[in-house]
Every structure is written in structure tokens, then in C-alpha cells.
Amino acid sequence: MPTFRFAIISDPHVALPHTIEPIAQRFHLVEVSLAALNQALAHLEQLDLDFLLIPGDLTQDGEPDNHAWLSDRLTRLPFPAYVIPGNHDVTVPQSTPKAVGLDTFADYYSHCGYDQAKGLDYRQTLLPGVQLIGLNSNGFNDSGEQVGRLDTAQLQWLTHQLQQCRGEFVLVMIHHNVIEHLPGQSTHNLGCRYMLENAPALLQILQQYQVKLILTGHLHVQDIAHQDGIYEITTGSLVSYPHPYRVIEADLTPTARQLAVKSYRIDAVENYPDLAQTSRQFLGDRSARFMTRLLTSPPLNIAPEATEPLLESLRYFWADVAAGDGKFDFPHFPPTVRAFLQQFSYFNHPPHLTFTDNDTVLNL
């Protein structure tokens, strides 16, 4: 098994100026998408990388111009890039003049994993003994609503691919979360839409074939979760606080078998000299509605009027969750609320390992 180095940039939400529409409750700063991405890529181009992974939400809302811009930008990297679609990239089943659909997404990214793919799932040999499987988790139900799931044909295809690469190290890249990164994420009405609907079916297959690593996005949170011997690294959005991206060094030699994870942040771009502070404030200014929904939903079910005294203390709660490595305690809160929020501290990290969400070493 080799040693290699790769990067992850997630949810860049590329938005050319003429495609940006004002949305009052938007939680991410798409206005910085081009500058932030170019800055991150400029840094990565200085490193000796083997490849770059982008696990979805490449564009703001699937605009053809934004896909075309990103596709062209990725052709000019000194290392290969591999992408998968996110829910913002394929907003319709069939393409329209204003939005790329499931039917044409791969046409934009034939150089990013889809050179031989017959659908939106693919397998690529990254290095001798190292395989990447990219999975499309975006679909539409009978009512035309977007859903995050893998259908039976995809699971069968995945099983066949894993049978073919037994004994190799496999990275699985998918947009929706497969392992919970937040307390009760798979059942909570605010968290479940970020989860793959049939995550247990996928996990069962990955366990059967001893896959150890899943790479996801979608949640806009820096977090590393662990379940039944599988690590899932989800990377926050490049256009949302704390504007992170990752570089991972893999040592898969017989004496090591570990991943060294290091995270970086975009702290300033043109017109946003204090981006980190500005974007944290941006989330804080929009936190009241979100936190009210969190507190009034199960399992807490607090009466709306009872949330008012708590909201100011929670102004930056979600920003600090997004940053990773958060330690949360609100001793002045009612005991049930305090206990619930404490669960967000290092949630779903294996108790037998000491590691953090941003910079750590994972033993496989």
C-alpha cells in the first residue's frame, strides 16, 4: 500500500456574479465563492498533492454557467480532481436552460471522474492499490421532490465494484451524510435531510467489504464521526464559516495504516478583509429562527415563548458547531436543555481514540 496526499474542498457553491440572487435567510456567503475557491486552489497547487476531492454542491443552484466555470477551472490544476453532484448541483431531473439536471451533469465533468461512467456513479483507480468510488445520492420522488438516497441498482453496482477491488484501499465519496454527525441527526426534522435516507443499507455493504473511509459534505460542518469501524469525514463549506478545506496524508504501509488530517481556513478575500469574523457574525445574525426551531422540536419540545431567554446565549452556537471541536455547556439553562446541547460536544467520536474534527491522526 502506498503513501499519498490529497485535499478535500466541499460545498464551494460556485456562483458567478450574474447568477447570485438575494435570499434573506441564506446561511452561506456565495458572494465569496470564486475568491475563496481560487485562494484555496492556489495554496493546494503549491503542495505535492496526488488528487483533489469535491463531495458535492459544486455550484449555488446548478446554473450551467457556474458548472462550466468550475469545470474549466479544474482542468487547469496540476493534479486530478474528482467530483460528485450535491443537491444544489442537480436541482431538476432533466436539464433546462437555467439548471443542470441529472441527465447532463456528467457531461461537464468528464475529466473529474466521469470519463467512463454510464451514470452518475463511478470507480477510479487513484494510485496502485487505491480506489475511489463516487456515488450520486441525489434523486427525485414521485412528487418531484429531491431526496437523498441510493436506489437498488446503485447498491448492486456498488457491491459489484467492491467485489472487484477486494484487498485495495477504497475511499467512498458521497454528498449526503451516512453516519450521524449531530445528536439524533437521522430522525430530527432539522437534521434528517442531510442524511442518506437508506444509510444503514450502504453501511452494511461497506462493512461487508471492510471499507474504512467515507468522505461527505452537505452539512457545512467540520466533523469526523465513527461507527462500527468506519470513519466519515465531513468537510464544511468553503463559503460558510469557518470556510475550511482539508489536506490528508495517508500512510497505508504495513507498519502504519493511518491518515493525518490537517484543516485550513480562508480568513480573508477581496472585499472581505475580515471574512472569518464577518461570516461568524453572518451566522449569528441568522441564528434565532434556526435555534428556535431546534429548541421547539423533539426531543426538547420547548414552548416558543420559553426559548426567548435562551437565544442570546445561543447566538453563535451553530457557528461553533460548524467550526468543529466544540465544547458546549450552558449551566444556566434548564437541565434537559443543557444536557441536550452538551451532546454536540465531540459527538460520535470513538471513546477509545483521542482526535479532533480539524487536525488529527486516524488509525485505520
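Remember, it's a predicted structure, so these values are computed and weren't measured experimentally.
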Got a sec, which residues hit salt bridge (Lys or Arg N to Asp or Glu O under 4.0 Å) with D285, two or more places apart in sequence or on another chain? R315
Consider only side-chain N and O atoms of H43 and Q39, and report whether a donor and an acceptor are under 3.5 Å apart. no
Should S10 and D57 count as side-chain neighbours, where that means a heavy-atom distance under 4.5 Å? no
What closest approach, in Å, do Q222 and A323 show between heavy atoms, and which atom pair accounts for it? CB-O, 3.7 Å
Would you tell me whether S137 and H176 have side-chain atoms, one donor and one acceptor, within less than 3.5 Å of each other? yes
Honestly, is R286 close enough over F282, meaning NZ or CZ under 6.0 Å from the six-membered ring centre and within 45° of the axis? yes
Would you please classify the geometry between the F333 ring and the F330 ring as parallel, tilted or perpendicular, with 30° and 60° separating the classes? parallel
Any ring-ring contact (aromatic ring centres under 6.0 Å, His included) pairs touching residues 179-212, not counting sequence neighbours? Y194-H218
Centroid separation Y114 to Y108 less than 6.0 Å: no
Does the side chain of T216 come under 3.5 Å of the side chain of N177 through a donor N or O and an acceptor N or O? yes
Side-chain contact, heavy-atom cut-off 4.5 Å: D72 with T75? yes
Verify the distance criterion only: is there a donor paired with an acceptor across the side chains of S110 and D115 at less than 3.5 Å? no
Distance flag, aromatic centroids of H13 and H220, threshold under 6.0 Å: yes
Run the ring-centre check on F105 versus H67 and record whether the distance is less than 6.0 Å. yes
Determine whether the side chains of Q277 and D267 contain a donor N or O and an acceptor N or O closer than 3.5 Å. no
Would D228 and Q207 count as having a side-chain donor-acceptor pair, cut-off 3.5 Å? yes
Could you check whether F6 and F51 have their ring centres less than 6.0 Å apart? yes
Under 4.5 Å between any side-chain heavy atoms of T307 and M291, yes or no? no
Set out, in order, the CA-CA distance, both residues' side-chain angles and the distance that settles salt bridge (charged side-chain N to carboxylate O under 4.0 Å, His left out) for K212 and E168, then state yes or no. CA-CA 11 Å; K212 298 294 185 181; E168 299 188 80; over 6 Å; no
Got L74 and I54 here, is their nearest side-chain heavy-atom distance under 4.5 Å? yes
Could you tell me which residues satisfy salt bridge (Lys or Arg N to Asp or Glu O under 4.0 Å) with R149, sequence neighbours excluded, listed by chain and number? E197
Out of N358, T235, D359, which one pairs with R246 under the side-chain hydrogen bond (donor to acceptor under 3.5 Å, both in side chains) rule? T235
Is the positively charged end of R280 above the ring of Y316, judged by distance under 6.0 angstrom from the centroid and angle within 45° of the axis? yes
N136 side-chain N/O to D121 backbone N/O, donor-acceptor pair under 3.5 Å: no
